[in-house]
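Along the sequence shown, residues carry numbers from 1.
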Amino acid sequence: MGEEGSPSSMGSLERDRELLIPVSMELLGSTNASSSSPHHHSGREAFYKVIRSWASKKFMTGCVILFPLAMTFYITWWFIHFVDGFFSPVYAQLGINIFGLGFATSITFIFLVGVFMSSWLGASVLGLGEWFIKRMPFIRHIYNASKQISSAVSPDQNKQAFKEVVIIRHPRLGEYAFGFITSTVSLQHTYSVEEELYCVYVPTNHLYIGDIFLVSSNDIIRPNLSVREGIEIVVSTGMSMPQILTTLNLHMDDRTRSNLSF
């Protein structure tokens, strides 16, 4: 009985061992996979973070490069359409539909107006028109404000609202502000001594709102900048400021030279 049972018991043990080996291998594989999965997961997250950071930086770089180009083309395209709209309806009534013809006509018209107004007859006609406009209650204020803004960049130095770009000490010692000389005034003291003062306009909101200061000529620093360059600096909120500023003052005292830090 014992000898007959021993082969069967040995066979059952071998069968159990064959069944247990795959199960143990699966358990070992699952434990190895579970132990290595956190490393895989963390490595994958780090890789994705690097890719996202790289992609976002390149995207922002593309936006920074394309934004000024897109704005320039958009404003130019809008300006062409705006100017073209003055004379394009006239050509449309004549049956001529050529894009840009109204723009070319408007540019030519503006040029001819400039030539005509530079003559004695044109100045007389302009003076007569301003005489009528300045007697209108509400329109004269709009015209005067618009004329002052346009005169700021006038190529005629005699009619230019901003005579010169200057730097003054404002609002306190050691700080400087950009300004534009608009006129001069003579200040008469009680002891009959006159002092020449410059009327300096310091813009605080681009070019439309600002403060007016009466500054002595000794307290004015004249940089080597044109009026248009000064306007560009103000409108661009200082982003077009040159890295080095040179002054035109020939008779500056040692104290002024030591205070300048350009």
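- At least one side-chain heavy atom of E130 sits less than 4.5 Å from a side-chain heavy atom of Y143.
- With values rounded to the nearest 0.5 angstrom, L101 atom CG is found 10.0 Å from L94 atom CG.
- The main-chain N or O of E232 is found under 3.5 Å from a side-chain atom of S240 such that the two form a donor-acceptor pair.
- T108 contributes a side-chain N or O that, together with a main-chain N or O of A104, makes up a donor-acceptor pair within less than 3.5 Å.
- One finds the CZ atom of F103 at 16.0 Å from the CD1 atom of I98 (value rounded to the nearest 0.5 Å).
- Follow the hydrophobic side-chain contacts under 4.5 Å out from L69 and you never reach W77; the two are in separate clusters.
- Proximity of D219 to S216: side-chain heavy atoms (C-beta onward) are separated by under 4.5 Å at one or more points.
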request  = Check the pair Y91, T105 against side chain to side chain contact (heavy atoms under 4.5 Å, CB included), reporting the backbone distance first and the verdict last.
outcome  = CA-CA 10 Å; Y91 290 112; T105 307; 2.8 Å; yes

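- Relative orientation of the F82 and W78 rings is parallel, given thresholds of 30° and 60° on the angle between their planes.
- You'll find the side chain of E196 reaches within 4.5 Å of the side chain of T184, heavy atoms only.
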message = Could you go through T247 and N224, starting from their C-alpha distance and side-chain angles, then the distance that decides it, and tell me whether this counts as side chain to side chain contact (heavy atoms under 4.5 Å, CB included)?
response = CA-CA 5 Å; T247 59; N224 191 13; over 6 Å; no

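- Placement of L121 and F109 within a single hydrophobic cluster is found when ILVMFWY residues are connected by side-chain heavy-atom separations under 4.5 Å, directly or transitively.
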task = For the pair V202 and F178, evaluate side chain to side chain contact (heavy atoms under 4.5 Å, CB included) and give the outcome as yes or no after the intermediate values.
result = CA-CA 6 Å; V202 177; F178 268 104; over 6 Å; no

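- I96 has its side chain out of reach of V90: every pair of non-hydrogen atoms, C-beta onward, lies at least 4.5 Å apart.
- L225 CG to I233 CD1: the interatomic distance, rounded to the nearest 0.5 Å, is 5.0 Å.
- Annotation: cation-pi geometry satisfied between R222 and Y198 (NZ/CZ under 6.0 angstrom from ring centroid, within 45° of ring axis).
- Atom CD of E175 has more than 12 heavy atoms from other residues, nucleotides or ligands within 6.0 Å.
- At least one side-chain heavy atom of I220 sits less than 4.5 Å from a side-chain heavy atom of V200.
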Derivation of the side chain to side chain contact (heavy atoms under 4.5 Å, CB included) call for L214 and C199 = CA-CA 5 Å; L214 296 177; C199 185; 4.2 Å; yes

